[in-house]
Q: 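Sharing a structure below in structure tokens format, with a few things to ask.
All chains are named by letter (A, B, ...) in the order of the sequence lines, taking the proteins before the strands, and each is independently numbered beginning at 1. Computed from a predicted model, the values in this text were never measured in an experiment. Both backbone and side-chain heavy atoms feed into the values below; hydrogens, waters and symmetry mates do not.
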Number of protein chains: 2
Amino acid sequence: MKPARLTQTISDSLTTLRKSERKVAEFVLKDPLAVIRMRIVDLAQHAEVSEPTVVRFCRAVGCNGFQDFKLALAQQLASSPSYGQIAVTDQDSTREYTHKVFDTTVDTLLKVRDSLDLETLDAAIAAIYGAQRVEFYGFGASAAVAFDAQHKFFRLQITSAAYADPHLQNMSATSLHPGDVVIAISQSGRSQALLDSMELVKQAGGIVIGLSPTGSPVARSASISIHVDAKEDNQIYIPLSSRIAHLAVIDVLAIGVAQKKGPKLDEHLMRLKAGLASLRSPV
Amino acid sequence: MKPARLTQTISDSLTTLRKSERKVAEFVLKDPLAVIRMRIVDLAQHAEVSEPTVVRFCRAVGCNGFQDFKLALAQQLASSPSYGQIAVTDQDSTREYTHKVFDTTVDTLLKVRDSLDLETLDAAIAAIYGAQRVEFYGFGASAAVAFDAQHKFFRLQITSAAYADPHLQNMSATSLHPGDVVIAISQSGRSQALLDSMELVKQAGGIVIGLSPTGSPVARSASISIHVDAKEDNQIYIPLSSRIAHLAVIDVLAIGVAQKKGPKLDEHLMRLKAGLASLRSPV
DNA sequence: GCTTTTATTGTAATTTTTTTACAAGAACGC
DNA sequence: GCGTTCTTGTAAAAAAATTACAATAAAAGC
């Protein structure tokens with residue numbers, strides 16, 4: 001049977017493997033990413049052994065042959081893409097940091113996607129769908145996320161607002177009606193002003209949907225807490241991937257609500273699109 | 001270049017594929033998990049086509065052959081184990097459209113990453129670095145991108161502003177000095193008001209960096225044009241992935257400028273972080 | 001509506017790649 | 001040191017993928 005973590009099995013077997021097979025193992029561990037693109041001859045050459053030795057190595061680590069081994073390795077690497085180094089250093093060329101920015105973002109998105117709790121999402125969608133008013137609160141980088149979200153939900157014919165000002169948040173919060181929804185967005189999950197606003201929302205009978213890291217004060221305080229754990233390796237500079245993860249989560253919420261709204265919404269969006277056309281350059 | 005999300009590419013190509021190739025595509029989409037354990041003969045048999053047709057199909061979806069195809073498929077399935085249908089219908093479950101949203105976003109990001117022109121990016125970074133003032137203009141969904149960008153560059157100690165109001169844009173544009181930079185963000189690349197503002201910026205001697213689709217009016221009008229071709233998803237009329245691509249591109253610009261600024265910036269960011277701490281909840 | 005042309009698909013041969021069988025050589029025990 | 005066992009490589013066979021080409025189907029032209 002195939003082990004879950006192939007590289008783990010390989011390093012575990014290192015001691016029991018024969019000398020030549022160990023050469024293969026070491027090479028595989030050193031550069032697994034390269035191995036999945038190799039043919040058996042290439043790997044044999046790089047590890048300085050013969051081809052049958054490679055096959056024997058594959059069998060020794062529980063695979064059914066070389067192809068099977070490559071497949072298993074590829075799968076593992078795909079699920080933990082953090083094999084390449086992602087920290088941004090000063091000497092990076094443009095090409096390199098461009099790739100790093102995009103790759104870290106992709107990495108974060110996939111991690112968040114897999115860690116999302118679907119029932120929570122469903123609950124959040126239902127709450128938004130049932131609300132008279134939907135508001136988005138966030139500060140700093142999350143303020144931009146809030147405005148983006150407001151724009152999106154506005155297009156879905158939902159009465160929505162976005163506030164990055166604690167005074168406005170508080171004023172608006174106290175005027176909410178039971179069943180109304182506030183989406184509190186925080187990358188740190190520790191913004192005191194946001195926590196204060198959330199408290200007012202709850203006092204007014206509103207539902208607070210939190211978008212914040214697991215276990216953070218915002219997450220704990222929210223009525224419905226969507227956990228977004230985009231741990232930033234390069235937090236030193238600026239928040240990068242986490243706000244993109246927030247945007248993506250909001251996209252999911254928007255689509256969920258859009259689906260609940262059904263076909264009537266399509267017509268509305270069509271008209272909206274037609275209306276926008278007049279603001280556009282013909283070519 | 002290998003497509004990031006293979007199944008996505010396959011369903012996209014469904015219409016352009018030949019009849020027999022489509023049979024292969026449909027079978028692969030129906031049961032991708034089985035395919036990765038198959039040899040080419042098996043797949044040919046199941047799809048009721050010949051083996052060369054399978055190879056042709058693999059090439060048609062951007063792979064280098066059958067092995068390459070299987071590897072790419074295996075990698076994708078590893079990161080989304082319960083992969084089923086990709087076609088979007090109204091009946092999509094939460095799980096499905098969550099995946100769909102994240103996957104298309106990832107797909108877009110990787111496509112944009114590979115299509116970015118590095119020299120243009122370098123030119124843009126140099127222009128921003130050399131400017132006294134940097135402003136971001138955008139409407140609608142791009143307005144949120146502009147505000148996010150403003151926030152980011154503000155943290156890099158760059159005098160920056162973001163305007164989503166054409167009047168403010170125009171007023172600000174006329175007050176720019178030669179060498180100042182405006183980043184014009186547009187998903188459609190066809191916003192007339194934005195084109196007007198850009199004209200004023202150029203008259204004032206400012207440099208316009210455009211973030212828009214290739215060949216669009218905004219792209220043609222910009223002094224430095226960064227092409228972002230994020231083919232927008234048909235089914236929903238809300239901009240989804242493209243604005244995330246814009247954000248990522250701006251991240252790249254920010255990091256580029258940050259590097260040019262060098263170590264002094266680090267100190268500044270440290271102080272900034274310390275300042276923010278007081279606004280945060282202790283736990 | 002028939003002929004010519006082009007595009008699509010499958011058959012068969014070729015090439016590539018992996019695996020097996022076996023023998024040479026090294027390590028170990030006696 | 002000799003025989004045994006274990007390890008590794010060579011070479012042949014098997015399996016798999018790919019290419020070349022021909023047959024057929026579809027489309028365009030007359």
Q: Atom CZ of B:Arg18 to atom P of D:dA27: distance rounded to whole Å?
A: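 After rounding, the gap between these two atoms is 14 Å.
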Q: Nucleotide range of DNA chain C contacted by chain A, 5' to 3', under 4.0 Å to a heavy atom?
A: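 It runs C:dT17 to C:dT20.
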Q: How does protein reach along nucleotides 16-21 of chain D, written 5' to 3' as B (base within reach of a heavy atom under 4.0 Å), S (only sugar-phosphate), or - (no contact)?
A: SSSB--
Q: Excluding sequence neighbours, so at least two apart, what forms side chain to side chain contact (heavy atoms under 4.5 Å, CB included) with B:Ser142?
A: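 By the side chain to side chain contact (heavy atoms under 4.5 Å, CB included) rule, B:Ser142 matches B:Ile185, B:Gln187.
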Q: Please report the interatomic distance CZ(A:Arg243) to OG1(A:Thr105), rounded to the nearest 0.5 Å.
A: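 Rounded to the nearest 0.5 Å, the CZ-OG1 separation comes out at 8.0 Å.
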Q: Please output the side-chain donor-acceptor pairs of residues 39-49 of chain A that fall under 3.5 Å, not counting sequence neighbours, one pair per line with the distance.
A:
from	atom 1	to	atom 2	distance (Å)
A:Arg39	NE	A:Asp42	OD2	3.2
A:Arg39	NH2	A:Asp42	OD1	3.2
A:Asp42	OD2	A:Arg39	N	3.0
A:His46	ND1	A:Asp42	O	2.9

Q: For A:Arg59, give me all partners under side chain to side chain contact (heavy atoms under 4.5 Å, CB included), at least two apart in sequence or on another chain.
A: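 Scan of A:Arg59 (side chain to side chain contact (heavy atoms under 4.5 Å, CB included), adjacent residues dropped) gives A:Val55.
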Q: Ignoring backbone atoms, establish whether A:Thr53 has a side-chain N or O less than 4.0 Å from OP1 or OP2 of D:dG9.
A: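 So the side chain of A:Thr53 is within the cut-off, an N or O lying under 4.0 Å from OP1 or OP2 of D:dG9.
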Q: Which residues pass the ring-ring contact (aromatic ring centres under 6.0 Å, His included) test with A:Phe153, sequence neighbours left out?
A: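 Per chain and number, A:Phe153 pairs via ring-ring contact (aromatic ring centres under 6.0 Å, His included) with A:Phe136.
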Q: Just jot down the side chain to side chain contact (heavy atoms under 4.5 Å, CB included) partners of B:Ser115, sequence neighbours excluded, or say none.
A: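 B:Ser115: no side chain to side chain contact (heavy atoms under 4.5 Å, CB included) contacts found.
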Q: Using side-chain hydrogen bond (donor to acceptor under 3.5 Å, both in side chains) as the criterion, list what pairs up with B:Asp31, not counting sequence neighbours.
A: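 Expected list: none.
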Q: Between A:Asp229 (side chain only) and A:Thr214 (backbone N and O only), is there a donor and an acceptor less than 3.5 Å apart?
A: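 Here the side-chain-to-backbone pair exists.
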Q: Can you list, in residue-number order, the parts of residues 19-26 of chain A that come under 4.0 Å of DNA chain C, counting heavy atoms only?
A: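 The answer is none.
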Q: With sequence neighbours excluded, what pairs up with B:Ala222 under the side chain to side chain contact (heavy atoms under 4.5 Å, CB included) test?
A: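 Checked B:Ala222 against side chain to side chain contact (heavy atoms under 4.5 Å, CB included); matches are B:Met198, B:Val208, B:Ser225.
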Q: With sequence neighbours left out, what residues match B:Ser221 under side-chain hydrogen bond (donor to acceptor under 3.5 Å, both in side chains)?
A: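 Scan of B:Ser221 (side-chain hydrogen bond (donor to acceptor under 3.5 Å, both in side chains), adjacent residues dropped) gives B:Lys202.
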